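Residue numbers start from 1 in every chain, and the chains themselves are labelled A, B, ... in the order their sequence lines are given, proteins ahead of strands. In this text, all values refer to a predicted model and were calculated from it rather than measured experimentally.
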Amino acid sequence: MKRSTVKELLRATEKDKQVLLKGWVRTRRGNNQLAFIAVNDGTIIHNIQVVADLASFSEEEMKRVTTGSSISVIGTLVESMGKGQNVEIQAKEIEVLGDSDPEVYPLQKKGHSFEFLREIAHLRFRTNTFGAVFRIRHALAYAIHKYYNDKGFFYLHTPIVTASDAEGAGAMFRVSTLDPKNPPLSKEGEVDYSQDFFGRPTNLTVSGQLEGELGALALSSIYTFGPTFRAENSNTPRHVAEFWMIEPEMAFYDITDNMDLAEDFLKYLIQYTLEHCMDDLEFLNKMVDKGLLERLNFVQKQPFERKSYTEAVEILKKSDKKFEFPVKWGLDLQAEHERYLVEEHYKRPVILTDYPRDIKAFYMKQNDDGKTVRAMDVLFPTIGEIIGGSQREEELDKLQNRMKEMNIPEDELWWYLETRKFGTVEHSGFGLGFERLIMFITGMSNIRDVIPFPRTPGHAEF
RNA sequence: UCCUCAGUAGCUCAGUUGGUUAGAGCGGCGGACUGUUAAUCCGUAGGUCGUAGGUUCAAGUCCUACCUGAGGAGCCA
């Protein structure tokens with residue numbers, strides 16, 4: 001007999017049919033005549049109830065049906081006689097596939113703290129919350145590819161190992177095969193990386209953007225979707241050392257086209273999840289974040305507010321709110337400022353543009369005022385900046401001047417500069433942190449709980 | 001990295017101004033119960049109080065250092 005998943009069984013229209021089920025025991029209840037076994041196989045958040053008449057099963061075998069054990073059940077799918085579920089399986093045969101010693105199995109029927117579950121990240125997939133989160137994570141990954149594929153974008157694989165650390169997006173992890181105890185030294189006593197695997201110092205990538213631009217300036221529209229790495233000693237619920245980022249890059253797009261794409265993209269992803277993951281979202285809305293569905297629907301429907309950095313600073317100055325950090329043109333906005341704009345002033349997502357050039361990266365398109373650049377940040381409720389992007393500087397001399405001012409060596413980025421030398425065009429792009437997106441869509445408040453095996457300072461266990 | 005808070009049973013926590021043998025709920029185990037829904041009821045085992053020093057007649061409780069975790073900040077996505 002072919003195995004049916006819990007998802008298939010719960011949605012089956014045909015009843016009183018012989019079925020084969022395999023899964024893990026979540027809970028077991030009962031009396032001296034009947035056992036009610038809640039079985040989950042991860043295909044859907046709900047369990048299916050298996051009913052076993054104890055008279056027809058050996059006591060030995062039933063004793064092994066404990067929380068966490070895996071079982072195979074043959075029985076009849078019937079309408080449930082009890083309340084609480086529509087269908088259940090009247091078991092004819094139950095086989096324990098894998099025992100689970102209840103003395104030591106760490107998951108119990110009651111809820112656990114996320115902190116505790118993080119310590120058993122290898123087993124936390126078996127909980128309702130993490131099942132929901134990782135099913136949604138999958139759905140979003142698929143939706144991202146679908147969105148860009150349908151729009152004619154090409155998925156470009158930018159390198160994980162890179163030689164340049166010119167972007168300055170953060171501290172990097174060194175990649176080396178040299179013997180750390182006895183590295184080759186130059187005459188000056190420095191480590192001689194010319195003898196290293198790549199013949200030069202290399203690192204894990206902090207962003208695929210610069211390579212992404214190379215692709216866009218030939219293929220028109222590309223996107224990257226892959227892991228990135230930051231060796232920052234950040235200890236916050238919003239930072240991990242290894243995270244996934246989506247970076248679209250589009251030739252012939254100006255900053256407005258860029259904003260339009262970012263807004264449409266985010267709304268599409270929310271809509272996709274609402275359409276395909278409602279079971280999981282309803283669970284999270286009930287158990288994790290009571291305002292989740294309302295917030296998702298709201299963001300999905302509202303137009304994002306678009307304002308310049310300068311206008312935002314004026315609003316913050318005029319507000320009665322007392323901020324811990326000063327508001328002054330030229331200073332970067334703090335988390336408290338962004339939160340005020342989104343959650344209290346506009347009460348909707350906000351896109352801020354035209355930031356002072358001194359607080360932004362070298363590659364951003366310089367405005368004619370000589371003070372600002374065509375940057376855009378998308379700010380979301382609860383999580384703050386979810387997208388950062390810009391129109392890129394396509395004029396060679398302006399780009400070179402800016403690099404000089406910021407002490408970025410030209411010879412390391414000669415290949416980047418050549419795209420401005422040969423057939424340069426207006427282009428734009430942005431970066432979306434995948435985990436930050438998942439946090440927003442699931443209502444989870446710690447980034448370590450939306451990535452299967454989080455990498456943070458001091459933590460690489462699993 | 002800085003600031004704040006926390007660390008007591010497998011899990012979640014209580015433990016009074018320092019004062020006898022350290023408590024509960026859940027989970028586990030044993031039993032009862034004719035359809036349970038985080039089942040219920042009865043019983044039972046389970047703890048070097050994060051680690052190391054110190055103060056004191058006496059420390060889970062006070063002090064110091066360290067370790068671990070969480071939250072806030074910075075960096076950012």
Side-chain angles (χ1 to χ4, degrees), chain A residues 26-38 46-55 63 66-68 78-86 88 90 100-120 127-128 167-171 205-209 226-247 287 323-325 332-336 338-339 359-361 377-380 383-389 430-440 445-451 456-459:
Chain A
R26 278 293 177 79
T27 68
R28 184 179 160 183
R29 296 177 292 269
N31 51 45
N32 56 355
Q33 295 209 336
L34 293 167
F36 300 96
I37 309 160
H46 307 296
N47 303 325
I48 191 159
Q49 174 161 288
V50 173
V51 184
D53 186 346
L54 294 177
K63 250 192 138 133
T66 60
T67 303
V78 296
E79 276 188 38
S80 179
M81 289 162 67
K83 289 171 187 165
Q85 60 278 318
N86 294 324
E88 64 191 17
Q90 288 288 348
S100 172
D101 183 353
E103 295 265 17
V104 289
Y105 185 63
L107 293 172
Q108 46 182 64
K109 303 175 191 179
K110 262 204 167 174
H112 291 86
S113 69
F114 292 147
E115 288 83 3
F116 171 69
L117 291 172
R118 237 170 264 154
E119 293 169 12
I120 49 165
T127 65
N128 288 330
E167 213 213 329
T205 183
V206 294
S207 161
Q209 182 201 311
T228 49
F229 307 86
R230 306 277 165 93
E232 302 284 355
N233 190 9
S234 298
N235 292 288
T236 87
R238 295 175 306 283
H239 292 84
V240 275
E242 177 183 302
F243 63 99
W244 286 61
M245 197 151 56
I246 301 102
E247 295 178 289
M287 303 302 287
F323 296 112
E324 194 185 335
F325 290 90
D332 207 354
L333 299 180
Q334 301 293 321
E336 56 171 349
E338 297 179 347
R339 243 177 276 132
I359 58 172
K360 290 289 180 185
D377 285 359
V378 181
L379 311 179
F380 258 32
I383 58 164
E385 183 185 334
I386 191 167
I387 277 181
F430 60 82
L432 169 68
F434 190 42
E435 284 74 19
R436 298 252 175 108
L437 171 76
I438 300 168
M439 286 172 76
F440 180 76
S445 53
N446 193 311
I447 197 167
R448 288 169 274 222
D449 298 327
V450 299
I451 186 165
T456 51
H459 291 277

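The residue A/Gln90 sits close to a base: some heavy atom pair falls under 4.0 Å. Backbone-only engagement by A/Met245 is indicated by non-hydrogen atom pairs under 4.0 Å involving sugar-phosphate atoms exclusively. Among the heavy atoms of the strands, none lies under 4.0 Å from A/Phe434. Heavy atoms of A/Glu435 sit nowhere under 4.0 angstrom from any nucleic acid atom. Nucleic acid contact class of A/Arg118 (heavy atoms, under 4.0 Å, all strands): sugar-phosphate only. Residue contacts shown for A/Val240 include a base, since a base heavy atom lies under 4.0 Å away. In this structure, A/Ile447 reaches the bases: a heavy-atom distance under 4.0 Å links it to at least one base atom across the strands shown. Within 4.0 Å (heavy atoms only), A/Gly30 reaches at least one base atom of the nucleic acid.
In this structure, CD1 in A/Ile447 is found 8.5 Å from CD1 in A/Ile438, a value given to the nearest 0.5 Å. Once rounded to the nearest 0.5 Å, the distance linking OH of A/Tyr105 with CD1 of A/Ile120 reads 8.0 Å. From A/Phe430, atom CZ reaches atom CD1 of A/Ile387 across 4.5 Å, with rounding to the nearest 0.5 Å.
Considering A/Ile386, A/Ile451, A/Val450 as possible partners of A/Met439, the one that fulfils the side chain to side chain contact (heavy atoms under 4.5 Å, CB included) test is A/Val450.
Sequence order on RNA chain B of the closest nucleotides to A/Leu107 and A/Ile387 puts A/Leu107 first from the 5' end. Along RNA chain B, the nucleotide nearest to A/Glu115 and the one nearest to A/Gln49 differ in position, and the one closer to the 5' end is contacted by A/Gln49.
Rounded to an integer number of Å, the gap from NE2 of A/His239 to C1' of B/U1 is 13 Å. A straight line from NZ of A/Lys83 to P of B/A38 spans 14 Å, rounded to a whole angstrom. The interatomic distance linking A/Asn235 (CG) with B/G72 (C1') rounds to 12 Å, in whole Å. Taking atom CD1 of residue A/Ile48 and atom P of nucleotide B/U36, one finds them 19 Å apart after rounding to whole Å. Rounded to whole Å, the distance from CG on A/Asn233 to C1' on B/C76 is 14 Å. A straight line from CZ of A/Arg28 to P of B/G28 spans 11 Å, rounded to a whole angstrom. One can place CD of A/Glu338 at 11 Å from P of B/A73, the figure rounded to the nearest angstrom. One interatomic measurement links the two molecules: CZ of A/Phe229 to P of B/C75, which rounds to 23 Å at whole-angstrom precision.
A gap of 24 Å separates the P atoms of B/C41 and B/G10, to the nearest Å. To the nearest whole angstrom, the two C1' atoms, one in B/A58 and one in B/A6, are 27 Å apart. Rounded to a whole angstrom, the distance from the C1' atom of B/U21 to that of B/C66 is 32 Å. Look at the P atom in both B/U16 and B/A59: the space between them is 16 Å, to the nearest Å. A distance of about 29 Å separates the C1' atoms of B/G19 and B/U12, rounded to the whole Å. B/G47 sits 27 Å from B/G54 when the P atoms are compared, rounded to a whole Å. Taking atom C1' in both B/A9 and B/G27, the straight-line distance is 11 Å, to the nearest Å. As rounded to the nearest Å, B/A70 and B/G50 have C1' atoms that lie 15 Å from one another.
Within a 6.0 Å sphere centred on CG of A/Asp101, other residues, nucleotides and ligands contribute more than 12 heavy atoms.
Of all non-hydrogen atoms in A/Ser100 and A/Gly68, the two that sit nearest each other are CB-C, 3.4 Å. Counting all heavy atoms, side chain and backbone alike, A/Glu88 lies closest to A/Ser80 at OE1-OG, 2.8 Å. For A/Leu34 against A/Asp53, the heavy-atom pair with the smallest separation is CD2-CA, 3.9 Å.
Within 3.5 Å, a donor on the side chain of A/Glu88 pairs with an acceptor on the base of B/G35, or the reverse. Side chain A/Ser234 to base B/C75: a donor-acceptor pair is found below 3.5 Å.
The closest side-chain heavy-atom distance from A/Phe434 to A/Met245 is not below 4.5 Å. Side-chain contact between A/Thr67 and A/Pro102 is absent, with no heavy atoms from C-beta onward closer than 4.5 Å.
Using a 4.0 Å cut-off, some side-chain N or O of A/Arg238 falls inside it from OP1 or OP2 of B/A73. The shortest distance between the side-chain N/O atoms of A/Lys109 and the OP1/OP2 oxygens of B/G25 is not below 4.0 Å. OP1 and OP2 of B/A38 both lie 4.0 Å or more from every side-chain N or O belonging to A/Arg26.
At a cut-off of 3.5 Å, with distance as the only test, a side-chain donor of A/Arg26 or A/Asn128 sits close to an acceptor on the other residue. Using modelled atom types, one finds a donor on one side chain and an acceptor on the other under 3.5 Å when comparing A/Glu247 with A/Ser207.
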Strand RNA chain B in bracket notation, Watson-Crick/G-U under 3.5 Å with | for pairs to another chain
(((((((..((((.....[...)))).(((((.......))))).....(((((..]....))))))))))))....
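Closest contact between the side chain of A/Asn31 and the listed nucleotides B/U34, B/A38, B/A73 involves B/U34. Among B/G71, B/G35, B/U36, the nucleotide with an atom closest to any side-chain atom of A/Asn446 is B/G71. When distances run from any side-chain atom of A/Phe36 to the nucleotides B/U34, B/A70, B/G35, the shortest one goes to B/G35.
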Can you tabulate the close N/O pairs, meaning under 3.5 Å, that link protein atoms to atoms of nucleotides 9-11 of chain B?
unit_1 : atom_1 : unit_2   : atom_2 : d
B/G10  : N2     : A/Gln108 : OE1    : 2.7

